[in-house]
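A quick write-up on the structure given underneath.
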Amino acid sequence: MENIVLVGFMGTGKTTVGRLLANKLNRQFIDVDRKIEENCGMPVSEIFKTYGEAFFRQQEQLVIKDLLPRGNAVVATGGGAVLFSENIINLKNHGIMIGLEASPEVIIRRIGGDASRPLLNAPNREELVSKLLQERASRYRMADFSVDTSTLTAEEVSEEIIYLLLSNNLQISIPKQAARLPTVKLYHKTTVRKALVSNQLP
Ligand code: S3P
């Protein structure tokens, strides 16, 4: 069965929402960054410091390639996983790709003083976030659905995703108790995109 794959910038809530969603859907939750940390025996920030970003990206690619074909999971990717076309192809071949979005201000607020994100460990965080968001915008747009999480709680985002899955006739099984959530409704800022196929990748 297909995975439900969450993509999006740092601080958009992929891990928190992913865990909640997996719980509601009785699925395994896979956090790609945590798997990389397990494989390398050190936190992401240490991997960047010791071996550099290119090595981290290789590990990211390996984890995605290895874990996605097992299916039936909710997968939270790291914010840069979409930078590589090979990852996007793997994610799309084995899952429904859901993009989580948030405004730069909300991202900065959510990340706060957290030093575990090596790409943002610099004094000019606002500038960095805007620059990276701009560079990556076209990549995040490859998601099949996007939810702007800026004004939503993680609970609301997870319900929104269940609503999207139910209302778009996707071949995905939703447990009855999750499908009957009384509060499930479509929030305003959700975009449903026509799924891009691999050969449309830049
Ligand atoms: C990264 C995002 C991080 C982590 C690494 C690189 C990125 O994951 O994979 O620090 O390039 O955006 P989160 O999005 O879970 O913070």
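Atoms within each ligand, like the ligands themselves, are counted from 1 in listed order. Only heavy atoms go into these numbers, but all of them, side chains included; no hydrogens, no water, no symmetry mates.
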So which protein heavy atom does [atom] come closest to, and at what separation?
atom	result
atom 16 (O) of ligand 1	R117 NE, 2.7 Å
atom 7 (C) of ligand 1	G80 N, 3.3 Å
atom 3 (C) of ligand 1	D33 OD2, 3.5 Å
atom 12 (O) of ligand 1	R136 NH1, 2.7 Å

Examine the proximity of ligand 1 to [X] and report which part, side chain or backbone, both or neither, has a heavy atom under 4.0 Å away.
X	value
V32	neither
Q59	neither
R57	side chain

Handout entry: R125 side chain to L120 backbone, donor-acceptor under 3.5 Å
Key = yes
Exercise for the section: Name all residues meeting the salt bridge (Lys or Arg N to Asp or Glu O under 4.0 Å) criterion together with E105; count only those two or more places apart in sequence or in a different chain, and write none if there are none. Expected result: none
Handout entry: Heteroatom proximity flag, K14 to ligand 1, N/O under 3.5 Å
Key = yes
Exercise for the section: Return yes when atom CD of E135 has more than 12 non-hydrogen atoms of other residues, nucleotides or ligands closer than 6.0 Å, and no otherwise. Expected result: yes
Handout entry: Plane angle bin for F56 and F48 - parallel if under 30°, tilted between 30 and 60°, otherwise perpendicular
Key = tilted
Handout entry: Spatial distance of atom NZ (K92) from atom CG (N87) [nearest 0.5 Å]
Key = 13.0 Å
Completion exercise
Among G79, P118, G13, A81, the residue with a heavy atom nearest to atom 2 (C) of ligand 1 is G79
Practice task
Look at E126 together with K131 and state whether they make a salt bridge at an N to O cut-off of under 4.0 Å.
Solution key: no
